[in-house]
Enquirer: 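Structure incoming, see below.
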2 protein chains.
Amino acid sequence: MAANSQFAMAVHILTLLARKGDQNLKSDAIAHSVNTNPVVIRRILGQLAHADLVASQTGASGGTKLARSPEEICLVDVYKAVSCGEVFALPSRPASQDCPVGRNIESVLCNLQKAIDRSVAEKLGEFTLARVLEMIDSEDALAA
Amino acid sequence: MAANSQFAMAVHILTLLARKGDQNLKSDAIAHSVNTNPVVIRRILGQLAHADLVASQTGASGGTKLARSPEEICLVDVYKAVSCGEVFALPSRPASQDCPVGRNIESVLCNLQKAIDRSVAEKLGEFTLARVLEMIDSEDALAA
DNA sequence: AGGTATTGTAACTATACTTGTTACAGTTAT
DNA sequence: ATAACTGTAACAAGTATAGTTACAATACCT
C-alpha cells in the first residue's frame, strides 16, 4: 500500500498556513509545495477543519487559514485529526475462548494498546506548530 | 485494508509458547487459539525466528518454542521483529524545493518521526513477555 | 446580473498491503 | 516407509491510500 502519510502532509500544510498568517492560502498553492494534487490537499484540509484547526472559504479569493494561532495548535491535535490514533491493531477475529490465553489476551492487548497510544500522544503533545515553524525557519537560516 | 495486527498476534503466540515452556508447540495448536490459519501463524513465527525470539523444528513431533526465557524477551523486540517500527510515514513524493517550507520540512518530519518511534520503543521496552504472562494468568485467576 | 475563481465532494483507477487459503517440497520421529 | 511437521510459494479477497477528473455550490468582482 501507499503508506499513510497524511500526518506528515498535514504538518506540512499547517506550516504553510502558519507562515501565511491571516491570509487565505489556496489548495493549489499548497499542492505545489507538497507536490501533489489539490484534491488530496483539500481532503486533508477537510479533516483539519473538522477538528477546528483550519477554516476555509469557498468562492473566488477563497482559501484556507489557521483557525488558531500556531502556539495553540499541538501536533497531537493534528495526529488525532487525520489518523485513527492506534499504533498497532487488535486482531479482527476473536481469540478462542476455549484457551486460557485466548480468553484473556484481548484485554491485555487492549490495555497495552492504550498505553502505547497514550505515550505517542504525550510525545506529540510536546510539539506545537509554532515550534515546527521555528525549526523550519532555523534550518532555512542555516542553509542561507 | 485489514489493519495490521501482526504485533498483537505475535504477542499472543509468544504467550502461548511461554506457557508451554521447553515443549514444542505446533502451528496448528497456536492457530486454534489465535483463531486463524496455521500458515498465518508460521509466517509470523518466521519473523520471530529471524529475530531469534523463537526456534522451530521441522519434521514429525516438530514445532516451535521460545529461544530465550520470557524474562529476556521484551515487547520492543517483538515489535521490531514484525513491523517497520514507524508510527507514521513520510510522503513518498519529495516536497517542492522551490518553497522554503518544502525545502526543510522533510528533515524536520524525519526528526519528529524518530522522536515518536523512539518513544514507542521506550514504552514497549517497559514490558517483558514474562510480565504479559503474569497479566494473563492473573486475569484468569480473577475469572475463576 | 454575469463571469470567474475556489472549495467540497463524488467517483474512478492504480497500487499495495494484510489476511486467509491451498498446495507441496523438505525434514524428522517412530 | 510412513506419518507429521515446518517453510514457503502462489493466489484470491478485502481494503486503504494516493492520484485524478469532473462538477455542483459558493462567493467575489466588475
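Note that the coordinates shown come from a computational prediction; the quantities given were computed from them, not determined experimentally. Because only heavy atoms are used, hydrogens play no part in the values below, and waters and symmetry mates are left out as well, while side chains stay in. Throughout, a chain's letter reflects where its sequence line sits, starting with A, and its residues are numbered from 1.
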Enquirer: Rounding to an integer number of Å, can you tell me how far A:His50 NE2 sits from C:dG8 P?
Expert: 13 Å
Enquirer: Counting only side-chain heavy atoms from C-beta out, which of D:dA18, C:dT4, D:dA22 sits nearest to A:Ala60?
Expert: C:dT4
Enquirer: Check the distance between C:dT18's P and B:Ile41's CD1 and give it to me in whole angstrom.
Expert: 16 Å
Enquirer: With respect to B:Ile30, which candidate in B:Val40, B:Leu16, B:Thr36 satisfies the side-chain contact (heavy atoms from CB on, under 4.5 Å) definition?
Expert: B:Leu16
Enquirer: Does NZ in A:Lys65 sit with more than 12 non-hydrogen atoms of other residues, nucleotides or ligands closer than 6.0 Å?
Expert: yes
Enquirer: Look at the side-chain N and O atoms of B:Ser5 and state whether any lies under 4.0 Å from the OP1 or OP2 oxygen of C:dT19.
Expert: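 Answer is yes, contact under 4.0 Å.
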Enquirer: Round to the nearest Å and state the distance from B:Gln47 atom CD to C:dT19 atom C1'.
Expert: 13 Å
Enquirer: Indicate whether OP1 or OP2 belonging to C:dA5 is found under 4.0 Å from a side-chain N or O atom of A:Gln57.
Expert: no
Enquirer: Just do the side-chain contact (heavy atoms from CB on, under 4.5 Å) check on A:Phe7 and B:Ile116 with the steps written out, would you?
Expert: CA-CA 13 Å; A:Phe7 173 70; B:Ile116 301 301; over 6 Å; no
Enquirer: If only side-chain N and O atoms of B:Arg42 are considered, is one of them under 4.0 Å from the OP1 or OP2 phosphate oxygen of D:dT6?
Expert: yes
Enquirer: Rounded to the Å, how far apart are A:Asn24 CG and D:dT26 P?
Expert: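 To the nearest whole Å, that distance equals 18 Å.
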Enquirer: At under 4.0 Å, does any side-chain N or O of B:Ser56 touch on OP1 or OP2 of D:dG7?
Expert: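 Answer is yes, contact under 4.0 Å.
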Enquirer: Do other residues, nucleotides or ligands put more than 12 heavy atoms under 6.0 Å from B:Lys20 NZ?
Expert: no
Enquirer: With respect to the side chain of A:Gln6, which nucleotide from C:dT19, D:dT8, D:dA18 is positioned closest?
Expert: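 Closest nucleotide among those given: D:dA18.
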Enquirer: When we call it a touch if two heavy atoms are under 4.0 Å apart, what does B:Ser92 touch: a base, just sugar-phosphate, or nothing?
Expert: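 No contact.
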Enquirer: Would you classify B:Thr36 as touching base, sugar-phosphate or nothing, given that sugar-phosphate means primed atoms plus P, OP1 and OP2, and contacts are heavy atoms under 4.0 Å?
Expert: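 Sugar-phosphate: the residue B:Thr36, judged by heavy atoms under 4.0 Å, touches backbone atoms but no base.
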Enquirer: If you look at every heavy atom in A:Ile136 and B:Ile105, which pair is closest and at what distance?
Expert: CD1-CA, 3.5 Å
Enquirer: The side chain of A:Thr58 lies closest to which of these nucleotides: C:dG20, D:dA27, D:dT8?
Expert: D:dA27
Enquirer: Contact class for A:Ser27 vs. all strands (heavy atom < 4.0 Å): base, sugar-phosphate, or nothing?
Expert: sugar-phosphate
Enquirer: Given atom CG of A:Asn4 and atom C1' of C:dT18, what is their separation to the nearest angstrom?
Expert: 15 Å
Enquirer: Quickly work out the B:Ile44 CD1 to D:dG7 C1' distance and round it to whole Å.
Expert: 15 Å
Enquirer: For B:Arg93, answer base if it contacts any base atom (sugar-phosphate contacts may also be present), sugar-phosphate if it contacts only those atoms, and nothing otherwise; contact means non-hydrogen atoms under 4.0 Å.
Expert: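 It contacts sugar-phosphate atoms only.
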Enquirer: Measure from CZ on A:Phe88 to P on C:dC17 and round the result to the nearest Å.
Expert: 22 Å
Enquirer: Minimum heavy-atom separation for B:Ala51 and B:Arg68, please, with both atom names.
Expert: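 Where B:Ala51 meets B:Arg68 most closely, the heavy atoms are O-NH2, 3.8 Å.
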Enquirer: In whole angstroms, how far is the P atom of D:dA16 from the CZ atom of A:Phe7?
Expert: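 After rounding, the gap between these two atoms is 21 Å.
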Enquirer: C:dT7, C:dT27, C:dG20: which one has an atom nearest the side-chain heavy atoms of A:Lys26?
Expert: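 That would be C:dT7.
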Enquirer: Would you mind telling me which residue lines up with the more 5' stretch of DNA chain D, A:Asn35 or B:Leu45, judged by nearest nucleotide?
Expert: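 The residue whose closest nucleotide sits nearer the 5' end is B:Leu45.
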